[in-house]
Amino acid sequence: MATLLSLAEAVALHVHDGDVVALEGFTHLIPFAAGHELIRQRRKHLTLVRMTPDLIYDQLIGMGAADRLVFSWGGNPGVGSLHRLRDAVENGWPQPLAIEEHSHAAMANAYEAGAANLPFAAFRGYIGVDLPKVNPRIRTVECPFTGEKLAAIPALRPDVAIIHAQRADRAGNVLLEGIVGVQKQAVLAAKRSIVTVEEVVDRLDAPGYNATILPSWTISSIAVVPGGAYPSYAQGYYRRANSFYKKWDAIARERESFLAWMQQNVIEQGPEAFQSHAAAAR
Amino acid sequence: MATLLSLAEAVALHVHDGDVVALEGFTHLIPFAAGHELIRQRRKHLTLVRMTPDLIYDQLIGMGAADRLVFSWGGNPGVGSLHRLRDAVENGWPQPLAIEEHSHAAMANAYEAGAANLPFAAFRGYIGVDLPKVNPRIRTVECPFTGEKLAAIPALRPDVAIIHAQRADRAGNVLLEGIVGVQKQAVLAAKRSIVTVEEVVDRLDAPGYNATILPSWTISSIAVVPGGAYPSYAQGYYRRANSFYKKWDAIARERESFLAWMQQNVIEQGPEAFQSHAAAAR
Amino acid sequence: MINPQAFTPNEIMTVAAARALRNSDVCFVGIGAPSAACNLARLTHAPGITLIYESGTIGTRPQVLPLSIGDGELCETALTTVSVPEMFRYWLQGGRITVGFLGGAQIDRYANLNTTVVGPYDKPKVRLPGGGGAPEIASSCGEVFITMTMSSRTFVERLPFITSFGHGAGGASREALGLSTKGPTRVMTDLCVLEPAADTRELTVVSLHPGITREAVQAQCGWPLRFADELIETTPPTAEELRVLRELQDRTDRAHREEA
Amino acid sequence: MINPQAFTPNEIMTVAAARALRNSDVCFVGIGAPSAACNLARLTHAPGITLIYESGTIGTRPQVLPLSIGDGELCETALTTVSVPEMFRYWLQGGRITVGFLGGAQIDRYANLNTTVVGPYDKPKVRLPGGGGAPEIASSCGEVFITMTMSSRTFVERLPFITSFGHGAGGASREALGLSTKGPTRVMTDLCVLEPAADTRELTVVSLHPGITREAVQAQCGWPLRFADELIETTPPTAEELRVLRELQDRTDRAHREEA
């Protein structure tokens, strides 16, 4: 059963130095507040897993939390580069970053396989391209009926999955709706999980019989963090702060401006700051 | 784009003698009216695919429509045997029936693989059991990373999938809700598809952003058949006629009573009869 | 007033099965006796139990027992309902089920089950429904409970077909196949409760229902039965257990009579 | 009044891309120029087009262009939204997409694309975002349209890394890999439109935008360009196309300015 903790308690309990950690959320519902908590608690040597690293991994990487990144598209969506990610890969600042690179299809399948307790996923992918030449974790598997060769990828089974969701009920069941990405798969694939939510309610008011719900007993801990996805968004609560995504480009371009921003907005803040950020994006 | 046809037209257009046909619906939303139309149009030599053959396949088999059955559980749920299925397998009446037998997990995975355009599915199954000894379409595949051996099954790609759904909009998009079974996968896996619906509406009124919807362009034809799932049910429209499932046991036990019932209730009827059946189960 | 001395063999079988369930269990429910037992547990000592039916309904709380594993009642009272491929992939194969319930037409001394055929597979004497979810329930659930009415035609020396794997040929058969789940840990019948012996894994009578003798049990079993050294009597159903179970059955009968 | 003679290079690139889309297409949309082109098509000659974004939104009809492929606007106006694994498995790999749109940092004469690195992979000079959905969009969609601004740094003789496969080394390269999809069939740039030659599959200029010379195009391309024998001039944007496109861009700018 999911325990209800403060975000600081949940991160302290479930995320350890050296863990394989997946913060997921496909544009929507990105767990920014939880990422900031990892930074405040100075987690080190993490393997960070995420299809689209986005600003939150730019911040974690720039603050030296990660030794390794597993990803499939590392940009600032619609804006340009993730400068901290590039600085780590191109110049080893603040420390070298090993990368394990996949395609979206591969990672989505790998999470799926993890959720389904399979050791690998087979898919039609990587045809004619160079990534398999540089990533030994891309192999092939032969169909035992047709002899056809398919791409294969090991299942993703993170130590911890961290996601943000719209709401939980008092029993700890969690509802996601809108662009649901790979979050359900990530939680089911992981050994432990933290879900930050906008609110805890008496009744989930799930839309229909087939809503995307993670039962309480599939989650380790829940933390209530209103606005916790800002500058990403929570459908039905607040909108994506596209303007912040554009502003980030200038903030992150230089190491000094990045560090100053992180000091002021992350190190010296707490999760409660997200409520007012998100309120402005309502 | 889905064309709107009468049920008779849709079956005449899309289902041919000798086809591999999957009528799906897991207890809920079983396309009984469409099955009766196959019988009225005297389709022969079909390969019938279905996880749970249920009464509708008992009827098709008893009327001699099928040469072959692909299935994973062939009983009358909560009641007992499917007598016509047993008579065909045990005594070859009205004609011999070849069977290809799987487990639920295997068939669900095989539909999934079909929808995903994969040649096979790998899963953790059939451990220590006898079915692989009698079904050559169960093989193994080795994980290219761990060396672990998993069960493998070829993807299901029927010629035609036939399902029943709650409603379609005027553009031909189809909504399913409640126990959704494998129907979406079956339609996406099949070359052609027929969807019978309770009604066509101006607006689908889908529950939430993530409703189970088959876009119009994934469906060949739609036929409006109110009550078309009776004695199965359509969540939100009418309830399962559990009493008919019990009555069927006596009807189907003997060849004569079965043939008499089929003559009176199927051959001499049309899809319009379902409306009043279902109304009684509302 | 309910007389707790007056219960049917089926009732004590159901009560014994219900008692084996814990409040924290996530239970994959079959139809018939398992469904009654699981819902009896939920309505008595295990209100927090999670019931999952293979039709995709998760955390369902039916007021009446379903006839099929996919009655509307299950979906209407569930926390959520997922597709059948998801149910078998993420939830059963995912290793999220603590207890799977199985029954069968035939069982052997190592709790292997047959629900496929009597006679040769290609020329069956009796064609049974087949495996359905059972083969993977037997391997993927944390442990398996079995409920079956005893008779020498169903508790047999040798199965014609193994539909779902229990303890194979006994001993470390499961481990030899790479299985880390426990397999059948308890068989609840109308006469007694059996459990696999710690070493051989042969089913052993550990508890006789009130008024049932060793001889009566042996008469309904096709192999020479082992009895535990410390054989006990099954605690009879309490008045409360019988009341809840009978009310559940009454509600179910009324509901099924009402509809068409 | 809109003057159809006064359009920007970016506008004619977008209009040319929009025109290539049919009302019956099911289109996998990327961000930027593809998104503008697809929505322009939907708002002009192809109202029935199905737009799919890799975030899971199917049949979306945004009133403003999204900044990311997962803005709320896409979900709110979609027929339905599926999970990302489902999007890549059932919809893209399922073979249900007729047209995929791609762009890239670099392209070669056979329409292979690089969005991964400049310089060696292990010691990159420039680390680009990577493939994302592109490798499988390139192989699974019925055909692929590419939009890119031309320059000799982006239209290059030799790619340092093939992120997504176009026509490989030309000729029957796709067939040799077992691909039955068409791959890139059209490249829309700010200066011209290119298509692969029927035999060699080398990109060939088939249409020059108004006022653009062969020399101007060659100056922005890193390899010696082939021009079609029957080279035509791109039909300029109509006043209606420009009006709809500019209104769409204006609505988008206003919406993005309004929010925090």
Side-chain angles (χ1 to χ4, degrees), chain A residues 26 28-29 105-106 108-110 112-125 132 135-157 165-166 175-181 183-184 204-213 234-236, chain B residues 26 28-29 105-106 108-110 112-125 132 135-157 165-166 175-181 183-184 204-213 234-236:
Chain A
F26 202 87
H28 180 217
L29 292 174
N109 273 293
E112 231 265 342
N117 189 28
L118 290 170
F120 77 103
F123 66 106
R124 295 185 189 276
N135 182 347
R137 286 165 72 81
I138 301 169
R139 297 187 185 165
T140 58
V141 65
E142 196 177 292
C143 172
F145 302 95
T146 64
E148 188 181 350
K149 284 200 166 48
L150 300 166
I153 181 173
L156 275 168
R157 303 299 301 256
Q166 273 97 348
L175 172 77
L176 293 88
E177 61 172 331
I179 292 175
V180 292
Q183 288 99 297
K184 177 171 165 176
L204 274 186
D205 283 329
Y209 300 116
N210 307 112
T212 305
I213 292 177
Q235 189 89 44
Chain B
F26 202 86
H28 180 215
L29 291 174
N109 272 292
E112 231 266 342
N117 188 29
L118 290 171
F120 77 104
F123 66 106
R124 295 183 189 277
N135 182 347
R137 286 165 72 80
I138 301 170
R139 296 187 186 168
T140 58
V141 66
E142 196 177 292
C143 172
F145 301 95
T146 64
E148 188 181 350
K149 283 201 165 51
L150 300 166
I153 180 172
L156 275 168
R157 303 298 304 254
Q166 273 97 345
L175 172 78
L176 293 88
E177 60 173 329
I179 291 174
V180 291
Q183 289 99 298
K184 178 171 164 176
L204 274 185
D205 282 329
Y209 300 116
N210 308 112
T212 305
I213 292 177
Q235 190 87 46

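First the proteins, then the strands, lettered A, B, ... as listed; each starts at 1. No experiment lies behind these values; they were computed from the predicted model shown.
Proximity to chain B (any heavy atom under 4.5 Å) is restricted, for A:Ile153, to the backbone atoms N, CA, C and O. For chain B, the nearby part of A:Glu142 is the backbone; its heavy atoms alone come within less than 4.5 Å. In this structure, the portions of A:Glu177 lying under 4.5 Å from any heavy atom of chain B include both its backbone and its side chain.
Put simply, of B:Pro119, B:Pro207, B:Ala121, B:Ala116, the one with the most heavy-atom pairs under 4.5 Å next to chain A is B:Pro119. Counting heavy-atom pairs under 4.5 Å between each of B:Leu150, B:Asn117, B:Val180 and chain A puts B:Asn117 at the top.
Of all the heavy atoms in A:Phe145 and B:Ala152, the pair that sits closest is CZ-O, 3.6 Å.
Side-chain atoms of A:Asn210 do not come within 3.5 Å of backbone N or O of B:Thr212 as any donor-acceptor pair. B:Arg124 places no side-chain N or O within 3.5 Å of a backbone atom of A:Leu118 that could act as its donor or acceptor partner.
Between B:Pro144 and A:Phe120, some side-chain heavy-atom pair lies under the 4.5 Å cut-off.
Applying the 6.0 Å contact sphere to CZ of B:Arg137 captures no more than 12 heavy atoms from other residues, nucleotides or ligands.
In this structure, CD in A:Gln235 is found 4.0 Å from OH in B:Tyr209, a value given to the nearest 0.5 Å.
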